[in-house]
Amino acid sequence: MYDVKKIREDFPILSRKIYEKPLVYLDNAATSQTPRQVIEALVDYYENSNANVHRGVHHLSQEATDLYESARVKVAKFINAREPEEIVWTRNTTESINLVAHTWAQEHIGPGDEIIVTPMEHHSNLVPWQKVAADKGATLRILPLAKDASIDLSDIDEYITPRTKLLAMVHMSNGVGTINPVKELTAKAKKMGATVLVDAAQSAPHMPVDVIDLDCDFLALSGHKMLGPTGIGALYGRRELLEEMDPFLTGGEMVLEVWYDRATWNDLPMKFEAGTPNIADAVGLGAAVDYLQDIGMENIRDHEIQLTRYALEAFKELEEELEMFGPSDAEKRGGILSFHTDAVHPHDLGTFLDRDGIAVRTGHHCTMPLMRSLGVIASARASFYLYNTEEEVDALVDSLKRALRYFTDGAK
Ligand code: 7TS
């Protein structure tokens, strides 16, 4: 039985008051909250096991290394990677994608090649490819957007062709919540001999993600969106690709042998982890993965589908006032509701909600081209997670109603 009350007790911040109102945290697509189990893993690491990794014969260093490497094993299992060596620690999704852009893409993208992205990429899975395309004389092609803010697949075979060298796509859109048919598109791209990168920043925290099933080559995620600490993320890469790639950053840790004039690279995954890594936060992310798996990713996804369905229904009361973006079927989207009204600027809506203790994000959500395609410059966005409740959706709708009344009456 999914027990949201019990889950909420694990998150100290959820009992906070904002302006004397209970916090209703609906900005999970930006950053999720942290359960006591993760906070305790961090404290325990610093109180009992803190040392540098991979270099000491002393006990603490070995203990820190074991904790750090076992977190890698946890993340590998979480996304069903074949082996932990296919997991490279990074700071976040942005750095994971940049790693691929600065290494793999330098060798494999050339003049006349095409890089395909979806029309709903976060800037971090768009701008690196703009730069690669410009530097290499390649073309960046954007798949078309359908009316319901999904990808329009009607001409897909004209986009994914033998010229396609890379398909880089977001699994779940942070701007509108759409879940993309990543497996089908990957299969198409692979048939054409392309390499596939999946931005799983929003999907990995909220639904089962399996790199073998998806058959992608690279996959990027951020710890801070999946109950983990900030400053830690991961890049999954298929071993064959990681093996042949040049390092991203160079220095200590990533070398095997060094002479004054040259060096050889360490084995995977250390080849991509120059310098002292973010040990404590990797351990924290490992604890977050344990927490998520204890509850079960299928159960989390089910909870969010139900909550999204409830919210979409509740928002019908506001359908005259608010334009909603994204598919109307809760099964085809994540727990992200993005909405807009010409009557009130999203920032004003967000500020009003904040006075009611409700945290939402307003703005372009780092998806400026998507917002432009939707005909707006910004939206307000409520994003759910495993600890959100129907009562919180009610509070959101109630506050929105009062906000709309307040601003539109005030304008008269
Ligand atoms: N890709 C997607 C789909 C995202 O939602 C985000 C962050 C990123 C990449 C970048 O992740 P980072 O951890 O490297 O920053 N999305 C958001 C958001 O929607 N609001 O704040 C950050």
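Just follow the structure's listing: the first ligand is 1, and inside any ligand the first atom is 1.
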Contact check, Asn125 vs ligand 1, heavy-atom distance below 4.0 Å: no
Contact atoms of ligand 1, heavy-atom distance to Ala29 under 4.0 Å: 16 (N), 17 (C), 18 (C), 19 (O)
Whether Asp210 side chain and Ile212 backbone form a donor-acceptor pair below 3.5 Å: yes
Interfacing atoms of ligand 1 (cut-off 4.0 Å, heavy-atom, Ser222): 11 (O), 12 (P), 13 (O), 14 (O)
Protein heavy-atom partner closest to atom 4 (C) of ligand 1 - residue, atom, separation in Å: His122 CD2, 3.4 Å
The one among Lys225, Met172, Gln202, Arg91 that brings a heavy atom closest to atom 17 (C) of ligand 1: Lys225
Aromatic centroids of His364 and His123 separated by under 6.0 Å: yes
Pair Asp10-Tyr387, side chain to side chain donor-acceptor pair (under 3.5 Å): steps then yes or no: CA-CA 9 Å; Asp10 290 332; Tyr387 37 63; over 6 Å; no
Check: Glu95 N/O within less than 3.5 Å of ligand 1 N/O: no
Any His123 heavy atom less than 4.0 Å to ligand 1: no
Heavy-atom donor-acceptor pair, Ser222 side chain to Gly233 backbone, under 3.5 Å: no
Residue Thr93 vicinity, atoms of ligand 1 by number, heavy atom under 4.0 Å: 9 (C), 11 (O), 14 (O)
